[in-house]
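Both counts, for ligands and for their atoms, begin at 1 and track the order of listing. Throughout, numbering of the chain's residues begins at 1 and tracks the sequence.
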Amino acid sequence: MPHPDAKPRLAVKLLDERLRDHMPRYATEGSAGMDLRALLDAPLTLEPGQCELVQTGLAIHIADPGLAGLILPRSGLGHKHGIVLGNLVGLIDSDYQGELMISVWNRSQSDFTLQPFERLAQYVLVPVVQAELELVDDFEPGRHGNDKQGTGQRGTGGFGSSGRH
Ligand SMILES: O=c1ccn([C@H]2C[C@H](O)[C@@H](COP(=O)(O)OP(=O)(O)OP(=O)(O)O)O2)c(=O)[nH]1
Ligand SMILES: [Mg+2]
């Protein structure tokens, strides 16, 4: 039996031998994500607004339906250079066994050149709970209005219903 605090072990396949020297890793003991690199043969210039799917050369099979992967932008690239993700966030299913792909979007006003094996985005493993949907005609009493009656409950109010300040 694995120790309860043991880190989940994820099966990783290298789809390109060049990745062997660039395996994703946690940069510090407290890092939440592992950086993913661009598998490119040559520099790739993205014009303003251009979005390209970039290979990582890695396949990670999470296998456990209680876990998922997230691909998130790196803050430096996103904030300083406007290099973010075309899908904003990538969600990796536990049963996905294909290559991790990064949708790279240059949302800036200037060209940006990606270098081969540059760290482009980060991969975060998160817990997931799958739900069962149970059809009902109505929710439990007292929970459907918005808070105009001052019930202290949210009810159906949303999208700024509680005001700005
Ligand atoms: O940034 C991403 C997002 C997704 N994926 C892979 C893993 C994921 O499990 C699969 C499907 O992703 P998603 O369900 O978000 O895409 P979809 O457009 O709904 O495609 P599908 O019909 O294959 O589910 O694509 C990536 O490699 N990178
Ligand atoms: Mg899908």
- Task: Can you confirm whether something in the protein, heavy atoms only, sits under 4.0 Å from atom 9 (O) of ligand 1?
- Result: yes

- Any donor and acceptor pair, going by atom type alone, linking the side chain of Arg74 with main-chain N or O of Gln122 inside 3.5 Å? no

- Number the atoms of ligand 1 from 1 as they appear, then name those within less than 4.0 Å of a heavy atom of Glu99, with their elements. 27 (O)

- Message: Under 4.0 Å from atom 16 (O) of ligand 1, is there at least one protein heavy atom?
- Response: no

- Query: Do Leu125 and Leu70 sit in the same hydrophobic cluster, where Ile, Leu, Val, Met, Phe, Trp and Tyr count as joined when their side-chain heavy atoms come under 4.5 Å apart?
  - Reply: no

- Task: Can you sort out which atoms of ligand 1 are near Leu100, meaning under 4.0 Å from one of its heavy atoms?
- Result: 27 (O)

- Task: Please answer: with hydrophobic residues joined when any side-chain heavy atoms are less than 4.5 Å apart, are Leu120 and Val84 in the same cluster?
- Result: no

- Item | His79, NE2 atom: more than 12 neighbouring heavy atoms under 6.0 Å | no

- Counting only non-hydrogen atoms of the protein, does one fall under 4.0 Å from atom 27 (O) of ligand 1? yes

- Item | Those atoms of ligand 1 less than 4.0 Å from some heavy atom in Gly90 | 1 (O), 2 (C), 3 (C)

- Query: To the nearest 0.1 Å, how far is atom 11 (C) of ligand 1 from its closest protein heavy atom, and which atom is that?
  - Reply: Asp93 OD2, 3.9 Å

- Query: Any donor-acceptor pair under 3.5 Å linking the side chain of Ser31 with the backbone of Gly33?
  - Reply: no

- Evaluate the 4.0 Å heavy atom contact test for atom 1 (O) of ligand 1: does a protein atom fall under the cut-off? yes

- Could you find the nearest protein heavy atom to atom 5 (N) of ligand 1 and give me its residue, atom name and distance? Ile92 CD1, 3.6 Å

- Message: Starting from atom 25 (O) of ligand 1, what is the nearest protein heavy atom, named by residue and atom, and what distance separates them?
- Response: Tyr96 CE1, 4.1 Å

- Task: Scan the protein's non-hydrogen atoms and note whether one is under 4.0 Å from atom 20 (O) of ligand 1.
- Result: no

- Item | ligand 1 to Met101 polar contact by distance, N or O atoms, under 3.5 Å | yes

- Nearest non-hydrogen protein atom, atom 12 (O) of ligand 1: Leu91 O, 3.9 Å

- Within the distance-only criterion (no hydrogens, no angle test), does the side chain of Asp16 pair as donor or acceptor with the backbone N or O of Gly57 below 3.5 angstrom? no

- Query: Are the side chain of Asp93 and the backbone of Asp95 linked by a donor-acceptor contact shorter than 3.5 Å?
  - Reply: no

- Message: With a 3.5 Å distance limit and no angle check, can you tell me whether Thr56 reaches the backbone of Leu100 through a side-chain donor-acceptor pair?
- Response: yes

- Message: Considering both backbone and side-chain atoms of Asn87, is one of its nitrogen or oxygen atoms within less than 3.5 Å of a nitrogen or oxygen in ligand 1?
- Response: yes

- Query: Can you check whether Gly78's main-chain N or O pairs, donor with acceptor, with Arg107's side chain at less than 3.5 Å?
  - Reply: yes

